[in-house]
2 protein chains.
Amino acid sequence: MLVKYRIITEKPMLKYEDVAEKIKQMIYQQSMPKGTQLPNIEGLINQYQVSRTTIIKALNRLERHGVIYQVQGSGIFVRQPKKVSYLNFLESHGFSVDLNDLPGSSQVFNVDLMQPNVKVKENLQCDDNEQVYYIKRLRYADGKVYGFEQSYYRKKLVSYLNKEIAENSIFSYVQEVCKINIGFSDKYFKAIKLDAEIAPYLGLQAGDPALCVEEIFYTTSGEPFDFSQIVYHYENAKFYVQSHSK
Amino acid sequence: MLVKYRIITEKPMLKYEDVAEKIKQMIYQQSMPKGTQLPNIEGLINQYQVSRTTIIKALNRLERHGVIYQVQGSGIFVRQPKKVSYLNFLESHGFSVDLNDLPGSSQVFNVDLMQPNVKVKENLQCDDNEQVYYIKRLRYADGKVYGFEQSYYRKKLVSYLNKEIAENSIFSYVQEVCKINIGFSDKYFKAIKLDAEIAPYLGLQAGDPALCVEEIFYTTSGEPFDFSQIVYHYENAKFYVQSHSK
DNA sequence: TAGTGGTCTAGACCACATC
DNA sequence: ATGTGGTCTAGACCACTAT
């Protein structure tokens, strides 16, 4: 039997991922407006030649990602497109394609190997004497500064990093070269008053507002590998999150 | 056959929800630390007497809610408990129990029936001449002001509202009395500078930072019923979001 | 090699929506 | 009454981890 493979990761293509992707393409290529009804499950089974369960799994995935919504007894419908100029908060690093991780989108100040302080050590669950890479960089999008980031990667899991990698996408490197599979993440955030140290990086004044986000990323086996603190420019960075009760 | 029912909604209890809840209880009652391994799937099948698929569905739900993580070939493990004093951003209204929606936790300024302005009309997809309830209130938690909220509910879907309801939980009322089933939501957020009009409500100065969130809640059939703008106190409101790549 | 989670199937039956 | 999505089952087989 012919087995499809993902282009990048070389993992076997799962049927439900494949079907989900194709349905998504169908929606976007035909630029269906919100509320458009899709074929029913029976129809999708015939169209993609997979079992009912696989169709349902694909639909649930699309529902969680905000692409469609399903109404029992009624049908499957296209969901509202997100407002433009807002970033997907859950995909702003990591899980899916990150449009901001393009070459030249980061100004890197340093990439240092060091002993973590207490806070970093705790968040990354480091052993004693374990070392971490410390990266400080400014992030740009559309030519505008949108965030000041300080991140820490465990050397144990990310054995090498340099300035060039940090200027591009650390997450692509970590996945493709270090073979780290990203499993899940915790994000903590709040509004803050910018201090005199960070404000200049963003071209703002001390006392100006900012969105401060602390993130911890874990591998699929549950090991934390990245702890980052990002301070976002209050005018240049806006986010959205779509969620679902199911 | 005996069918279990949910206490409040009187909907039949689904097996996978039931199992998920029981596993969650097991974790919390035994206060298992993060990393604790749970029984394997075979064991859970025997313990709860349901099919493999149902166990897996329950586990996936717990995984999405940040309670556990599953490692293929290895096992099922308890995930890190969230930092205290942070609110779950996705559950801060709506989907699950809202600890802040307790009696006396809101100071209500007005509950008015009115014609929506353009922005509200668009976000709620109102027909022409449709009316909305406009509620303005301050939200408290632990005796501290944490947010200033302006919300709009479509009269078409929420036929009646008053000050007393707004002082308690609008969402409970909407679900239990109006029989609205909450399906999904869109949330947009950014840091802002407080203006002179809103700052006093939060006991802050104009120019101080704040987290501004705009939310749209939809019924399970995809109709928007609530549009809210909430301005959060930058010192009293902190949030977390847990996410998963699966 | 043995054990664990993950995918996929075919089919029965249930719950909700619409007419 | 009919059509739609949702749940649940039993079982085959695949993919990853540990030893």
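Please read these numbers as outputs of a predicted model, since none were measured by experiment. Below, chains carry the letters A, B, ... as their sequence lines are ordered, and counting in each starts from 1.
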(message) Whether B:K57 contacts D:dC8 is assessed here as follows: a side-chain N or O lying under 4.0 Å from the phosphate OP1 or OP2. Is that the case?
(response) no

Whole Å only: how far is the [atom1] atom of [X] from the [atom2] atom of [N]?
{"X": "A:L14", "N": "C:dG5", "atom1": "CG", "atom2": "P", "result": "18 Å"}
{"X": "B:M13", "N": "D:dC8", "atom1": "CE", "atom2": "C1'", "result": "16 Å"}
{"X": "A:E17", "N": "C:dT7", "atom1": "CD", "atom2": "C1'", "result": "11 Å"}
{"X": "B:Y16", "N": "C:dC14", "atom1": "OH", "atom2": "C1'", "result": "13 Å"}
{"X": "A:I55", "N": "D:dT4", "atom1": "CD1", "atom2": "P", "result": "14 Å"}
{"X": "B:E223", "N": "C:dA17", "atom1": "CD", "atom2": "P", "result": "12 Å"}
{"X": "B:R64", "N": "C:dG6", "atom1": "CZ", "atom2": "P", "result": "13 Å"}
{"X": "B:K15", "N": "D:dG6", "atom1": "NZ", "atom2": "C1'", "result": "14 Å"}

(request) Would you classify A:L59 as touching base, sugar-phosphate or nothing, given that sugar-phosphate means primed atoms plus P, OP1 and OP2, and contacts are heavy atoms under 4.0 Å? (result) nothing

(message) Please report whether the ring centroid of A:F184 lies less than 6.0 Å from that of A:Y218.
(response) yes

(request) Please find out if less than 6.0 Å separates the ring center of B:F89 from that of A:F89. (result) no

Identify the heavy atoms of [X] and [Y] that sit nearest to each other, and give their distance.
{"X": "B:T220", "Y": "B:I182", "answer": "CG2-O, 3.8 Å"}
{"X": "A:L38", "Y": "A:I23", "answer": "CD1-CG2, 4.0 Å"}
{"X": "A:V78", "Y": "A:P33", "answer": "CB-O, 3.8 Å"}
{"X": "B:L157", "Y": "B:P224", "answer": "CD1-O, 3.6 Å"}

(request) Just jot down the side-chain contact (heavy atoms from CB on, under 4.5 Å) partners of A:Q242, sequence neighbours excluded, or say none. (result) A:R79, A:K82, A:Y240, B:D186

(message) Check for me whether A:K22 meets the cation-pi criterion with A:Y48, that is, NZ or CZ under 6.0 Å from the six-membered ring centre and within 45 degrees of the ring axis.
(response) no

Among [options], the one nearest [X] by side-chain distance:
{"X": "B:I76", "options": "C:dT9, D:dC8, C:dG5", "result": "C:dG5"}
{"X": "A:K246", "options": "D:dC8, D:dG6, C:dG6", "result": "D:dG6"}
{"X": "B:Q70", "options": "C:dG5, D:dT7, C:dT9", "result": "C:dG5"}

Collect all protein-nucleotide pairs involving nucleotides 10-13 of chain C in which both atoms are nitrogen or oxygen and the distance is under 3.5 Å.
unit_1: C:dA10; atom_1: N6; unit_2: A:T53; atom_2: OG1; d: 3.2

(request) Carefully, step by step, assess A:Y134 and A:Q115 under the rule side-chain contact (heavy atoms from CB on, under 4.5 Å). (result) CA-CA 9 Å; A:Y134 167 50; A:Q115 295 289 119; over 6 Å; no

Report each atom pair, protein N/O against N/O of nucleotides 17-19 of chain D, whose distance is under 3.5 angstrom.
unit_1: D:dT17; atom_1: O4'; unit_2: B:G73; atom_2: O; d: 3.1

(request) For A:K121, check salt bridge (charged side-chain N to carboxylate O under 4.0 Å, His left out) against everything at least two apart and list the hits. (result) A:D128

(request) List for me each residue that meets salt bridge (charged side-chain N to carboxylate O under 4.0 Å, His left out) alongside A:K246, sequence neighbours excluded, and say none if there are none. (result) A:E63

(message) Using a strict heavy-atom distance below 4.0 Å, which residues from residues 40-49 of chain B are in contact with DNA chain C?
(response) B:N40, B:I41

(request) Take atom CD of B:Q37 as the centre, draw a 6.0 Å sphere, and report whether it contains more than 12 heavy atoms from other residues, nucleotides or ligands. (result) yes

